[in-house]
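Here the structure is a predicted model, which is why all the values come from computation and not from measurement. Sequential numbering from 1 along the given sequence is applied to the chain's residues.
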Amino acid sequence: MKPMISRPLVLARPTPSSKSGSFRGSCERYLITRFPIYNGQQELYAVGSIATDITDQKLHQHQLYQAQVDLEARITERTAELAQLNQDLQVEVLERQSAEHQARRSEAHLRHILESSPDGILVLNQDGLVLYANPEARQLLNRNDLHDYPFGHALVSDKHTEVNVVHTNGQVLMLDMRVLSIDWEGQPAQIVSLRDNTARHQMEMAIRQSEQRHRMISEMVSDFAYAFVIAADGSTRCEWMTQAFERITGHPTTDITTLEHLYRLIHPLDRPQIEQQHQRLLQGETTITEFRLVARDGNIRWLRGYMQPIYDDLSARVIRLYGATHDITEKKLHQAQIQRHIQQLSALRQIDLAITSNRDLNETLNVLLTHTRTLLHIDAAAILLPDAANNWLVYRSRQGFDTPLIQQASACLRNQKTNQPDCLCYTLSYQQEFGTEPHTIGFSLIAEKRPFTVYHVPLLIHGQVKGLLEAFVSHINTPETEWFNFLQTLAGQAAIAVENTSLLSDLQRYNEALTHAYDATIEGWSRGLDLRDNETEGHSQRVTELTVRLAQAMHIEANTIAHMRRGAILHDIGKMAIPDHILLKPGPLSDEEWVIMRQHPVYAYEWLKPIPFLQPALDIPYYHHERWDGSGYPLGLRGTAIPLAARIFAIVDVWDALSSDRPYRAAWPRERTRAYLQEQAGKLFDPEIVAVFLAIM
């Protein structure tokens with residue numbers, strides 16, 4: 001029997017899972033070696049087996065095999081890449097050779113381009129010396145020969161900067177400089193590009209200044225800003241809007257998608273103005289306007305808006321509108337309050353003028369009642385004063401009693417008894433019924449179904465009630481303290497007017513006496529000048545009387561003639577400042593002396609202007625040497641620019657001077673003087689006034 005030969009046998013079995021009865025994905029591998037087992041008689045009685053676990057060995061073999069496959073794949077891929085790189089390198093070498101060949105061929109063209117370049121081109125060696133400069137560079141640096149010229153600016157490779165160059169004409173040029181390292185004829189060098197940016201810098205400066213101005217305006221006027229895009233068909237779209245819009249108006253910004261939505265919030269009275277502004281914006285104009293906008297809560301907000309159009313040159317139209325709007329509601333309220341105060345002060349001023357200028361008490365009270373009704377929005381008002389016969393208060397002046405019932409109520413106040421049931425009937429005794437404090441009586445006019453309130457304010461003079469101011473108001477709202485205070489102020493003005501009536505005659509006499517004193521003083525000044533200048537003795541009195549006569553013939557108001565009279569008396573008062581050796585010189589004056597003499601109107605103006613009483617009379621002393629054709633002095637006025645009083649007096653002054661004897665000549669005959677004035681009419685004198693003057697002479 002042949003012995004059994006042991007042969008290894010590889011068996012594989014699945015490895016059971018450690019957590020369940022299922023098999024894992026891997027397998028355990030074993031090497032089975034079988035061998036025979038003999039008994040003592042050398043007989044085969046069994047077969048033995050040895051199982052060796054070769055799982056790790058097989059895993060290593062598989063990994064080595066896989067690594068070998070991957071390596072072969074990478075070698076194949078790398079080989080293909082190297083082949084492609086080699087091919088690309090060959091192409092690149094060919095292209096570079098072609099480029100170098102092309103560069104050599106285009107060198108002449110390059111030099112031509114450099115020579116004709118609008119930018120200055122410099123080529124510098126490592127020491128900063130110029131190897132090449134094109135014509136533009138020579139012009140910018142103002143040098144014809146730049147070869148080996150040391151360029152004075154520190155250069156850094158691949159640098160972009162700006163340098164200032166002072167031209168020989170003194171202009172500072174702003175040059176944009178770019179530096180690039182290059183190879184120039186086989187040597188390392190730097191190429192410098194110079195561009196004149198002077199105009200651009202000036203424009204940028206102007207733009208920055210403009211932006212700064214716009215930014216300042218925006219900061220001053222805007223609480224909310226917005227931008228709208230305008231399409232070619234005229235439609236608009238809100239591009240952006242600040243949230244301050246919602247805080248000011250109460251409307252959410254999401255509601256404003258077009259410009260029309262914003263315009264709908266404008267107060268109806270201001271919409272025509274905004275529509276006109278919109279047309280101006282579309283024409284490229286910047287607009288600033290004030291308008292009212294209706295807030296979401298119904299209140300009116302005053303806004304001041306600034307809008308700037310953006311014009312597109314390509315499309316030749318406005319493509320955007322930028323706006324900034326400032327809330328000026330509080331400012332408007334303050335302005336209204338200030339305006340109301342100004343109106344009140346103006347009314348008080350006019351009442352004061354009426355009190356001081358009117359002798360008729362009724363006229364003064366009518367002025368006061370007019371302002372009372374206008375400023376306090378009163379339906380009717382009246383002034384009651386004591387009746388001298390029986391000490392009852394009776395109506396002295398009244399306004400606004402339009403309806404019959406109010407007229408009947410007014411009549412009832414004058415009568416002790418009435419049979420009219422539709423109004424309150426009462427009798428007033430200023431001694432018994434009224435004290436020094438104001439009070440009100442409310443009543444209704446039954447026929448008109450309209451309530452009235454009557455405010456009674458006593459007229460106090462030195463602590464005594466001398467009358468009563470009545471105000472009839474139809475609205476039932478309680479007036480503000482300011483309203484009532486002003487009503488009391490007007491009552492005080494009425495009291496002053498009443499008191500002023502009794503004092504007016506005395507005051508008038510005092511004023512007349514004071515005026516006579518002023519006029520006497522003025523005449524004294526004139527006589528003093530005549531005593532100093534014998535040549536003009538009596539001249540001031542003659543020209544004054546003749547000036548008044550001519551002014552009356554021209555129908556000038558009496559008050560104005562009074563001022564002209566004072567001006568005529570003082571017309572030469574400035575000669576008081578002229579030295580005696582010039583004023584009293586018997587012969588003609590020199591040019592230098594005439595310069596001094598022609599200052600006497602200025603001296604008169606400077607002396608008399610600080611005196612309020614004489615200010616209305618300054619026209620003659622200051623302007624009487626001005627001439628119709630502008631040849632006069634001191635200001636060289638022409639035509640009607642010369643005050644009327646001075647034009648009148650100039651004719652009278654020359655007439656008297658020519659008609660009077662002087663040390664250096666005899667008086668002209670009357671006809672010769674008339675002929676001279678006719679000849680100079682339209683030259684030295686107002687022709688219309690000359691005609692009137694000659695008519696009365």
Side-chain angles (χ1 to χ4, degrees), residues 59-141 143-165 173-201 203-204 313-315:
L59 180 60
H60 292 160
Q61 290 177 354
H62 177 74
Q63 291 175 345
L64 289 174
Y65 173 77
Q66 187 64 38
Q68 182 178 0
V69 172
D70 294 341
L71 179 60
E72 291 176 353
R74 286 198 296 272
I75 291 174
T76 302
E77 182 181 355
R78 185 58 178 166
T79 301
E81 291 177 356
L82 292 175
Q84 183 64 39
L85 289 174
N86 185 43
Q87 183 179 357
D88 294 343
L89 183 59
Q90 292 177 357
V91 172
E92 183 179 355
V93 170
L94 292 176
E95 290 177 350
R96 181 174 297 178
Q97 291 175 350
S98 175
E100 291 176 354
H101 178 68
Q102 185 66 27
R104 287 192 296 271
R105 290 180 56 189
S106 61
E107 183 177 353
H109 298 289
L110 177 60
R111 286 187 173 274
H112 176 72
I113 293 173
L114 293 177
E115 291 292 321
S116 60
S117 172
D119 295 340
I121 305 296
L122 298 175
V123 179
L124 310 179
N125 62 13
Q126 291 181 323
D127 297 329
L129 300 179
V130 177
L131 301 177
Y132 166 80
N134 70 345
E136 182 65 20
R138 293 194 292 271
Q139 181 177 356
L140 289 175
L141 298 177
R143 292 182 66 90
N144 293 327
D145 184 12
L146 287 173
H147 186 68
D148 289 340
Y149 175 77
F151 193 69
H153 299 276
L155 301 181
V156 179
S157 298
D158 303 327
K159 182 179 180 181
H160 178 203
T161 186
E162 290 183 349
V163 295
N164 296 339
V165 175
L173 302 180
M174 303 288 294
L175 302 182
D176 181 84
M177 184 176 68
R178 298 175 183 267
V179 182
L180 182 65
S181 297
I182 62 170
D183 181 77
W184 181 266
E185 297 179 352
Q187 298 179 0
Q190 292 175 318
I191 184 169
V192 181
S193 171
L194 301 175
R195 175 172 296 179
D196 187 0
N197 285 339
T198 305
R200 180 177 64 84
H201 274 276
M203 182 177 296
E204 290 177 351
D313 293 332
L314 296 178
S315 61

What's the separation between atom CG in L85 and atom CD in Q90, rounded to the nearest 0.5 Å? 11.5 Å
Using 0.5 Å steps for rounding, measure from the CD1 atom of I182 to the CG atom of L124. 9.0 Å
Which heavy-atom pair separates T79 from I75 by the least distance, and what is that distance? OG1-O, 2.6 Å
Using side-chain heavy atoms (C-beta onward) and a distance below 4.5 Å, is I191 in contact with V179? no
Within 6.0 Å of CD in Q63, more than 12 heavy atoms from elsewhere: yes
For a side chain to side chain contact (heavy atoms under 4.5 Å, CB included) check, start with the C-alpha distance between D88 and E92, then their side-chain angles and the critical distance, and finish with the verdict. CA-CA 6 Å; D88 294 343; E92 183 179 355; over 6 Å; no
Test log, rule side chain to side chain contact (heavy atoms under 4.5 Å, CB included), inputs D70 and R74: CA-CA 6 Å; D70 294 341; R74 286 198 296 272; 3.9 Å; yes
Heavy-atom closest pair, residues N134 and I121: OD1-N, 2.8 Å
Pairwise side-chain contact, E136 with D119, heavy-atom cut-off 4.5 Å (strictly under): no
Taken to the nearest 0.5 Å, the spacing of L82 CG from E77 CD works out to 10.5 Å
